[in-house]
> 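Once you've had a glance at the structure underneath, I'll fire off some questions.
Note: hydrogens, waters and symmetry copies are ignored here, and every other heavy atom, side chains too, is used. Note on naming: letters A, B, ... go to the chains in the order of the sequence lines (proteins, then strands), and numbering restarts at 1 for each one.
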There are 2 protein chains.
Amino acid sequence: MATHKKEAFTQKEQDLAAFAKALAHPARIAILKVLAQRNECICGEIVEILPLAQSTVSQHLKELKNAGLINGSVDGPRSCYCINWKAFEKFNQEFSWLFTNLKIKNEKSCC
Amino acid sequence: MATHKKEAFTQKEQDLAAFAKALAHPARIAILKVLAQRNECICGEIVEILPLAQSTVSQHLKELKNAGLINGSVDGPRSCYCINWKAFEKFNQEFSWLFTNLKIKNEKSCC
DNA sequence: ATCTTATATCGCAAATATACGATAAGAAAA
DNA sequence: TTTTCTTATCGTATATTTGCGATATAAGAT
């Protein structure tokens with residue numbers, strides 16, 4: 001009946017989930033890897049590397065950009081993308097926040 | 001026409017994406033947070049904490065377990081869950097692998 | 001002005017994910 | 001045994017994601 005009760009959770013929980021969601025597809029991981037390797041802004045080279053149609057890649061780029069994981073700017077007839085490192089730093093912080101109360105205290109699983 | 005072309009990507013990319021996918025919902029983040037705070041195996045207390053139906057929580061727990069993020073064992077009439085820390089360690093490794101070639105070299109974004 | 005090239009967006013089809021109530025399954029309690 | 005309690009699973013409705021071709025858009029080249 002209903003779907004998505006996101007509003008019932010804290011902002012931090014939503015933020016972290018949104019970040020993870022952006023990473024939750026191998027194509028987007030692959031895109032980030034390419035961008036990380038080159039650092040320099042890249043565009044449709046990604047289309048040639050990935051086994052996906054141009055429109056699909058464009059869509060994944062859009063999602064990554066909406067999530068704030070990458071920056072994009074128009075460079076003449078082509079688009080230029082690169083990783084937003086600050087966003088990843090923030091993610092790491094949020095991620096470690098998840099486990100603040102423990103992780104060091106007890107590394108052992110109980111079951 | 002087609003959906004999900006996962007098999008076209010590397011195993012590492014798929015693994016990382018699968019892990020992220022498990023985290024890609026605020027309810028599952030919330031569950032992990034509860035488990036991290038208590039460490040001790042917990043079960044239906046989670047149901048009381050989360051603003052979701054029991055069946056929905058059970059479904060999320062199943063996903064987390066399938067992804068390997070948590071362990072679960074039956075304890076009499078109730079189920080006991082706890083975080084699989086090793087899985088998170090592995091994830092951290094995979095995650096940093098993503099950016100091996102850079103991150104240190106150049107923290108600045110180009111666009 | 002027209003053509004080419006590079007990207008983004010639209011529209012659609014198929015697959016997944018999310019959520020819930022109802023029901024099953026299993027153990028303990030009566 | 002029957003009841004109760006806890007959790008998992010099934011069935012179902014709806015929303016979202018994924019993917020592609022076709023088309024729009026925008027800048028440079030001819």
> So, does Thr56(A) get its side chain near the phosphate of dG19(D), meaning an N or O under 4.0 Å from OP1 or OP2?
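Checking dG19(D) against Thr56(A), no side-chain N or O comes under 4.0 Å of OP1 or OP2.
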> Counting only side-chain nitrogens and oxygens, does Arg78(B) get under 4.0 Å of the OP1 or OP2 atom of dG26(C)?
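Checking Arg78(B) against dG26(C): no side-chain N or O falls below 4.0 Å of OP1 or OP2.
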> Please report the distance, rounded to the nearest Å, between CD1 in Ile31(B) and C1' in dT7(D).
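To the nearest whole Å, that distance equals 13 Å.
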> Answer with yes or no after comparing the ring centroid distance for Phe88(A) and Phe19(A) against a 6.0 Å cut-off, counting only values under it.
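Distance test on ring centres: under 6.0 Å, yes.
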> Taking CD from Gln59(A) and P from dC10(C), how many angstroms apart are they, rounded to a whole number?
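Taking CD of Gln59(A) and P of dC10(C), I get 11 Å after rounding.
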> OP1 or OP2 of dA19(C) sitting under 4.0 Å from any side-chain N/O of His25(B)?
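True: His25(B) side-chain N/O within range (under 4.0 Å) of dA19(C) OP1/OP2.
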> Between Ala27(A) and Pro77(A), which is nearer to the 5' end of DNA chain D once each is assigned its nearest nucleotide?
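Its nearest nucleotide lies further toward 5', so the answer is Ala27(A).
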> Which atoms form the tightest heavy-atom contact between Leu32(B) and Ile83(B), and what is the distance?
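The pair with the smallest heavy-atom distance is O-CD1, 3.5 Å.
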> The side chain of Leu52(B) lies closest to which of these nucleotides: dT18(D), dA19(C), dT9(C)?
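Within the option list, the nearest is dA19(C).
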> For Leu61(A) and dT9(C), what is the distance between atoms CG and C1' respectively, to the nearest whole Å?
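Computing the Leu61(A):CG to dT9(C):C1' distance gives 14 Å.
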> So, is His60(A) close to the dG19(D) phosphate, meaning a side-chain N or O under 4.0 Å from OP1 or OP2?
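Indeed, a polar side-chain atom of His60(A) lies that close.
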> I'd like to know if the side chain of Gln37(A) and the backbone of Val34(A) have a donor-acceptor N/O pair within less than 3.5 Å.
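Such a contact is absent between Gln37(A) side chain and Val34(A) backbone.
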> Is the closest side-chain donor-acceptor distance between Thr56(B) and Gln59(B) under 3.5 Å?
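Note: Thr56(B) and Gln59(B) side chains miss the donor-acceptor criterion.
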> Taking 4.0 Å as the cut-off, does a side-chain nitrogen or oxygen of Ser55(A) come that near to OP1 or OP2 on dT9(C)?
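For Ser55(A), the contact criterion (side-chain N or O under 4.0 Å from OP1 or OP2 of dT9(C)) is not met.
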> Could you give the CG-to-P distance, from Leu23(B) to dA17(C), as a whole number of Å?
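Those two atoms, CG and P, are 14 Å apart.
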> Starting the side chain at C-beta, find the nucleotide from dT9(D), dA8(C), dC20(C) nearest to Ser58(B).
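Looking only at heavy atoms from C-beta outward on Ser58(B), the closest nucleotide is dT9(D).
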> Side-chain N or O of Lys21(B) less than 4.0 angstrom from OP1 or OP2 on dT17(D)?
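Negative; the distance criterion is not met.
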> In whole angstrom, what separates Ile46(A)'s CD1 from dT7(C)'s C1'?
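In whole Å, dT7(C) C1' lies 12 Å from Ile46(A) CD1.
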> Does Lys90(A) count as lying over the ring of Trp85(A), i.e. NZ or CZ under 6.0 Å from the six-ring centre, within 45 degrees of the axis?
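Cation-pi check for Lys90(A) and Trp85(A): fails.
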> So, Gln14(A) side chain and Pro26(B) main chain: donor-acceptor pair closer than 3.5 Å or not?
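Flag not set: sc Gln14(A) to bb Pro26(B) has no pair under 3.5 Å.
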> Using heavy-atom distances to pick each residue's nearest nucleotide on DNA chain C, tell me which of Phe9(A) and Ser79(A) is more 5'.
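In this pair, the answer is Ser79(A).
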> Taking CD1 from Ile70(A) and C1' from dT7(C), how many angstroms apart are they, rounded to a whole number?
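Atom-to-atom, Ile70(A) to dT7(C), this comes out as 13 Å.
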> Taking atom types as they are modelled, would you say the side chain of Gln54(B) forms a donor-acceptor pair with the base of dA8(D) within the 3.5 Å cutoff?
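Present.
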> DNA chain C: Ala53(B) or Lys62(A), which has the more 5' nearest nucleotide?
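Upstream on the strand: Lys62(A).
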> Report yes if at least one side-chain N or O of Tyr81(A) is closer than 4.0 Å to OP1 or OP2 of dA8(C); otherwise report no.
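Looking at the OP1 and OP2 atoms of dA8(C), one of them is under 4.0 Å from a side-chain N or O of Tyr81(A).
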> Between C1' on dT7(D) and CG on Leu64(B), what's the gap in Å once rounded to a whole number?
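Rounding to the nearest Å, CG of Leu64(B) and C1' of dT7(D) are 16 Å apart.
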> Please report, rounded to the nearest Å, how far the P atom of dT7(C) is from the CD1 atom of Ile42(A).
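Atom CD1 in Ile42(A) sits about 11 Å away from atom P in dT7(C).
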